[in-house]
Amino acid sequence: MPQLDLSGRTALVTGGAQGLGEGMAHALAAAGARVVVADLQDDLGEKVADSLEGDGHGFVHLDVTDEGSWENAVTAVASGFGGLDVLVNNAGVEISSLVVDVDPKDIRTMLEVNVLGTALGLKWGLRAMRPDGVAGRGGSIINISSVAATIAFPGIPIYSATKSAVDRLTRVAAMEAGKLGYGVRVNCVYPGLVPTAMGQGLAVDMAALGLFGSPEEAVGAVVELTPSGRLGEVADIADAVVFLASDSARFVNGIGLPVDGGMGM
Ligand SMILES: NC(=O)c1ccc[n+]([C@@H]2O[C@H](COP(=O)([O-])OP(=O)(O)OC[C@H]3O[C@@H](n4cnc5c(N)ncnc54)[C@H](O)[C@@H]3O)[C@@H](O)[C@H]2O)c1
């Protein structure tokens with residue numbers, strides 16, 4: 001479909017070394033974008049970049065919680081990969097716990113990666129993409145929130161809070177980018193449960209916390225809550241990211257798009 005043609009655009013995907021981010025990198029490359037995978041995991045990230053369809057893709061080491069790391073990554077992408085048109089703030093962590101057992105160290109970790117990491121991504125992405133930036137031709141930023149920002153699922157209180165923060169950050173960033181003429185759309189996606197390393201770990205945790213009899217029972221409960229009657233697949237989420245990155249979504253701005261088979265309605 002020509003509207004989903006991203007050729008001539010450069011996309012940076014954080015947390016792109018595995019899971020949903022890896023799928024997003026493949027889908028963006030298949031749509032014609034030059035893709036830079038950004039992650040803490042250098043070996044895995046480089047492998048993903050090498051496996052993408054087409055030429056000109058690459059890997060950059062990025063710790064999303066570190067300001068200097070962001071500045072280096074964005075500068076390297078803009079100068080070495082022909083600009084920066086699409087940024088997917090996908091890197092995230094989930095540590096399950098009941099509210100009565102939350103651990104301050106785990107809370108800080110989730111706040112750092114999910115909230116600080118996304119906020120710094122917005123900061124450096126918008127600075128690069130706005131007219132006076134190192135890339136300078138506007139673009140699309142897509143933040144990865146979660147269905148956990150839209151429903152109350154037990155065992156993930158802090159994760160849910162951080163993903164709600166990502167949702168709100170998205171709206172304010174879209175508003176500022178519009179008011180200040182940056183030419184950047186900012187949206188977020190609420191994925192449903194996808195059995196990546198994180199998704200599978202979550203089901204195991206639900207059982208360990210005594211909320212469900214087994215991981216399979218936890219998965220069954222999620223499917224039961226989902227009108228589409230199944231878990232998400234990596235491609236379900238990746239295709240939504242390509243849509244939001246593309247000109248087909250040119251008048252879609254400041255939204256949270258549920259890609260959850262209806263679980264969060
Ligand atoms: N899998 C699901 O069911 C699900 C559902 C809703 C939302 N999400 C969200 O989607 C995103 C991707 O999830 P996933 O399932 O692929 O997880 P995952 O754990 O499989 O992959 C996460 C990736 O993020 C990277 N990462 C972690 N901390 C980082 C940091 N400080 N800097 C750079 N990279 C870092 C990891 O190295 C890893 O490659 C996350 O934001 C997650 O919260 C996942």
Side-chain angles (χ1 to χ4, degrees), residues 12-27 36-49 59-70 72-74 87-96 108-121 124 142-151 153 155-156 158-167 169-170 188-206 215 218-219 222-223 225-226 230-238 240-241 256-261 263-264:
L12 176 63
V13 182
T14 75
Q18 65 178 50
L20 296 185
E22 179 180 0
M24 291 166 196
H26 279 285
V36 182
V37 173
D39 207 293
L40 291 172
Q41 304 187 83
D42 297 353
D43 289 351
L44 272 185
E46 272 162 16
K47 258 192 214 151
V48 171
F59 172 80
V60 64
H61 180 86
L62 173 69
D63 177 354
V64 296
T65 69
D66 183 80
E67 179 115 85
S69 188
W70 266 111
N72 291 340
V74 163
L87 168 63
V88 189
N89 285 312
N90 163 75
V93 291
E94 189 280 315
I95 307 169
S96 310
R108 288 194 181 95
T109 301
M110 283 184 275
L111 284 170
E112 286 257 321
V113 179
N114 300 353
V115 183
L116 175 64
T118 304
L120 291 179
W124 289 97
I142 300 131
N143 298 326
I144 305 305
S145 176
S146 170
V147 67
T150 68
I151 59 168
F153 201 80
I156 49 173
I158 308 304
Y159 177 74
S160 304
T162 63
K163 291 298 182 175
S164 296
V166 168
D167 178 42
L169 264 170
T170 300
C188 70
V189 175
Y190 312 129
L193 185 66
V194 184
T196 60
M198 180 187 289
Q200 289 172 6
L202 200 141
V204 170
D205 292 346
M206 293 305 102
V219 168
V222 169
V223 171
L225 284 169
T226 305
R230 64 167 173 85
L231 293 185
E233 293 171 3
V234 171
D236 296 330
I237 316 305
V241 166
L257 178 65
V259 187
D260 62 359
M263 185 187 182

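Read the numbers this way: they start at 1 and go in the same order the structure lists the ligands and their atoms.
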Undergrad: Within the side chain of T14, is there an N or O that forms a donor-acceptor pair under 3.5 Å with the backbone of A91?
TA: yes
Undergrad: For atom 37 (O) of ligand 1, tell me which residue out of N89, L40, D39 has the closest non-hydrogen atom.
TA: D39
Undergrad: Which ligand 1 atoms, with their elements, are less than 4.0 angstrom from a heavy-atom of Q41?
TA: 36 (C), 37 (O), 38 (C), 39 (O)
Undergrad: Among all protein heavy atoms, pick out the one at the shortest distance from atom 35 (C) of ligand 1; state its residue, atom name and that distance to 0.1 Å.
TA: A91 CB, 3.7 Å
Undergrad: Quick one: look at E112 and ligand 1, take heavy-atom pairs under 4.0 Å, and tell me if it's side chain, backbone, both or neither.
TA: neither
Undergrad: Which heavy atom of G192 sits nearest a heavy atom of V147, and at what distance?
TA: CA-CG1, 3.9 Å
Undergrad: Pull out every atom of ligand 1 sitting under 4.0 Å from any heavy atom of L193, numbered as shown with elements.
TA: 3 (O)
Undergrad: Given A148, A73, G192, S145, which has its nearest heavy atom closest to atom 4 (C) of ligand 1?
TA: G192
Undergrad: Quick one: are V48 and F59 in side-chain contact, heavy atoms under 4.5 Å?
TA: no
Undergrad: Checking a contact table here: which protein heavy atom is nearest atom 22 (C) of ligand 1, and how many Å away?
TA: G92 O, 3.9 Å
Undergrad: Do me a favour and list the nearest non-hydrogen protein atom to atom 33 (C) of ligand 1 with residue, atom name and distance?
TA: L62 O, 3.1 Å
Undergrad: Which atoms from ligand 1 have a heavy atom of G19 less than 4.0 Å away?
TA: 16 (O)
Undergrad: Using a heavy-atom cut-off of under 4.0 Å, does the side chain or the backbone of Y190 touch ligand 1, or both, or neither?
TA: neither
Undergrad: Measuring only between side-chain heavy atoms, which start at C-beta, is T162 closer than 4.5 Å to V113?
TA: no
Undergrad: Looking only at non-hydrogen atoms, find the nearest pair between A203 and V219 and report the distance.
TA: CB-CG2, 3.8 Å
Undergrad: Quick one: does K47's side chain have a donor or acceptor within less than 3.5 Å of a partner on A17's backbone?
TA: no
Undergrad: Tell me: protein heavy atom nearest atom 8 (N) of ligand 1, and distance?
TA: Y159 OH, 3.5 Å
Undergrad: Check whether any side-chain heavy atom of Y190 lies under 4.5 Å from a side-chain heavy atom of K163, and answer yes or no.
TA: no
Undergrad: Starting from atom 44 (C) of ligand 1, locate the nearest protein heavy atom and write down its residue, its atom name and how far away it is, to 0.1 Å.
TA: L20 CD1, 3.7 Å
Undergrad: List the atom of V115, the atom of L169, and the distance in Å for their closest heavy-atom pair.
TA: O-CD1, 4.0 Å
Undergrad: Between G264 and I151, what is the shortest heavy-atom contact and its length?
TA: CA-CG2, 3.7 Å
Undergrad: Please list the nearest protein heavy atom to atom 21 (O) of ligand 1 with its residue and the distance rounded to 0.1 Å.
TA: Q18 NE2, 3.4 Å
Undergrad: Counting each atom of ligand 1 from 1 as listed, which ones have a heavy atom of G15 under 4.0 Å away?
TA: 23 (C), 24 (O), 25 (C), 39 (O)
Undergrad: Show which atoms of ligand 1 fall inside a sub-4.0 Å distance from at least one heavy-atom site of T196.
TA: 1 (N), 14 (P), 15 (O)
Undergrad: Of the side chain and backbone of P195, name the one, both, or neither that has a heavy atom under 4.0 Å from an atom of ligand 1.
TA: neither
Undergrad: Could you go through L12 and L87, starting from their C-alpha distance and side-chain angles, then the distance that decides it, and tell me whether this counts as side chain to side chain contact (heavy atoms under 4.5 Å, CB included)?
TA: CA-CA 5 Å; L12 176 63; L87 168 63; 3.8 Å; yes
Undergrad: Distance to 0.1 Å, residue and atom name: give those for the protein heavy atom nearest to atom 31 (N) of ligand 1.
TA: D63 OD1, 3.0 Å
Undergrad: When you measure from the side chain of Q41 to the backbone N and O of D43, does any donor-acceptor pair fall under 3.5 Å?
TA: no
Undergrad: Are a donor atom and an acceptor atom from the side chains of T170 and N143 found within less than 3.5 Å of each other?
TA: yes
Undergrad: Would you say P191 and ligand 1 have an N/O pair spaced under 3.5 Å apart?
TA: no
Undergrad: Within the 4.0 Å heavy-atom shell around V113, which atoms of ligand 1 are there?
TA: 28 (N)
Undergrad: Any side-chain heavy-atom pair from V64 and L120 closer than 4.5 angstrom?
TA: no
Undergrad: Which of the atoms in ligand 1, numbered in the order shown and given with their element, are less than 4.0 Å from a heavy-atom of N90?
TA: 10 (O), 11 (C), 12 (C), 40 (C), 41 (O)
Undergrad: Could you check atom 3 (O) of ligand 1 against the protein and tell me its nearest heavy-atom contact, residue, atom and distance included?
TA: V194 N, 2.8 Å
